[in-house]
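The next block holds one structure in the form of structure tokens; read it before the comments.
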Amino acid sequence: FNKVNNNTILLPNYPTMEIFSKLTRNRKAFFGGEIRLIYVGLLNRKRGLFNMLSLVKELVKEIDVKLILIGKMDVNDEKLFHQQVDKFNLSGNIELKGFLSHTDTIQCLLEADVGLHLFEDVERYRWTETVKVFEYMAAGLSSISISYLTATKKLIDEEKIGLVISSDSKDCGAKET
């Protein structure tokens with residue numbers, strides 16, 4: 001912590017390499033095997049829960065893929081999420097881990113291939129570089145994000161650390177039926 005003055009303390013909110021260096025990356029190149037996508041954080045619509053589900057729904061048509069979700073599920077989205085997983089027969093492709101310790105979360109990151117950052121188009125997310133992408137970078141993961149997340153798009157493009165998909169290519173298809 002850095003004390004700036006009597007009223008302000010700067011708290012670092014980013015991953016340190018020290019945490020990641022204590023664990024080992026267990027994934028090899030995913031050529032010919034299952035591709036493990038991961039998301040760590042609050043699981044809700046605004047944070048891209050249904051965008052991730054939509055992505056998996058499309059990917060399973062072409063490749064062997066698993067989506068690992070780590071974090072607390074928003075109770076307002078939980079029922080619809082499970083309905084959509086059942087509707088699209090994705091239960092074998094989704095792994096809900098819930099809340100994990102920091103060490104276990106990092107170990108899961110090190111066992112994944114691609115980190116997802118598919119937030120909805122919400123004003124507060126457009127211009128921020130989320131810590132999530134830096135965590136993915138620290139774990140050696142590529143990232144997939146959506147083009148309207150301007151600051152994240154710039155980071156991914158400049159550092160060549162992943163793929164930015166057009167906001168037109170997402171369709172969560174998550175409507176009450």
Side-chain angles (χ1 to χ4, degrees), residues 15 17 19-21 23-45 47-73 77 81-120 125 129-149 152-153 155-174:
M17 291 310 292
I19 307 168
F20 288 85
S21 65
L23 301 169
T24 348
R25 184 150 171 77
N26 292 331
R27 292 293 287 171
K28 296 185 167 63
F30 48 73
F31 300 105
E34 176 184 76
I35 296 176
R36 296 173 58 88
L37 308 175
I38 193 166
Y39 172 82
V40 178
L42 179 62
L43 302 168
N44 69 15
R45 181 177 297 276
R47 296 287 183 108
L49 181 63
F50 295 105
N51 292 338
M52 291 182 274
L53 189 57
S54 177
L55 178 64
V56 171
K57 180 181 123 191
E58 294 304 313
L59 288 175
V60 297
K61 296 174 184 176
E62 305 290 331
I63 59 173
D64 186 12
V65 64
K66 179 162 292 218
L67 172 60
I68 296 102
L69 297 169
I70 299 172
K72 182 179 185 307
M73 176 80 69
D77 294 318
F81 175 78
H82 289 292
Q83 287 173 344
Q84 294 295 301
V85 168
D86 291 342
K87 179 180 179 179
F88 299 118
N89 196 29
L90 296 174
S91 60
N93 303 94
I94 308 288
E95 190 175 331
L96 277 170
K97 292 202 171 265
F99 183 79
L100 297 178
S101 71
H102 203 202
T103 302
D104 290 343
T105 298
I106 291 169
Q107 190 59 58
C108 287
L109 284 168
L110 293 170
E111 294 170 0
D113 299 302
V114 178
L116 298 180
H117 182 255
L118 301 176
F119 288 13
E120 288 290 316
Y125 299 144
E129 290 179 346
T130 63
V131 172
K132 190 168 309 315
V133 176
F134 292 105
E135 290 172 338
Y136 296 157
M137 288 172 66
L141 301 179
S142 295
S143 293
I144 297 177
S145 188
I146 293 183
S147 60
Y148 52 69
L149 301 171
T152 301
K153 176 188 182 318
L155 175 67
I156 290 173
D157 287 346
E158 286 179 2
E159 299 301 322
K160 299 179 182 8
I161 56 167
L163 175 68
V164 176
I165 59 176
S166 165
S167 56
D168 297 336
S169 67
K170 68 168 188 66
D171 174 23
C172 70

*asked:* Applying side-chain hydrogen bond (donor to acceptor under 3.5 Å, both in side chains) as the test, list every pair that has at least one member in residues 60-70; sequence neighbours left out.
replied: Glu58-Lys61
*asked:* According to side-chain hydrogen bond (donor to acceptor under 3.5 Å, both in side chains), who are the partners of Lys72, at least two apart in sequence or on a separate chain?
replied: none
*Stepwise, does the side chain to side chain contact (heavy atoms under 4.5 Å, CB included) test hold for Leu96 with Phe81?*
CA-CA 11 Å; Leu96 277 170; Phe81 175 78; 3.9 Å; yes
*Who pairs with Leu163 by side chain to side chain contact (heavy atoms under 4.5 Å, CB included), at least two apart in sequence or on another chain?*
Ile144, Ile165
_Testing the basics here: between Arg45 and Asp77, what is the closest heavy-atom pair and its distance to 0.1 Å?_
N-OD2, 2.9 Å
*For the residue pair Met52 and Tyr39, what are the closest heavy atoms and their distance?*
SD-CB, 3.3 Å
*Minimum heavy-atom separation for Gly162 to Ser142, with atom names?*
CA-CB, 4.3 Å
*Listed by chain and number, what are the salt bridge (charged side-chain N to carboxylate O under 4.0 Å, His left out) partners of Lys153, not counting sequence neighbours?*
Asp157
_Shortest non-hydrogen contact between Ile38 and Tyr136, atoms and distance_ = O-OH, 3.5 Å
*Starting at CG of Leu155, measure out to CZ of Phe134 and round the result to the nearest 0.5 Å.*
5.0 Å
_All salt bridge (charged side-chain N to carboxylate O under 4.0 Å, His left out) counterparts of Glu159, not counting sequence neighbours_ = none
*Considering residues at least two apart in sequence or located in another chain, which fulfil the side chain to side chain contact (heavy atoms under 4.5 Å, CB included) criterion with Ser145?*
His117, Leu149, Thr152, Ile156
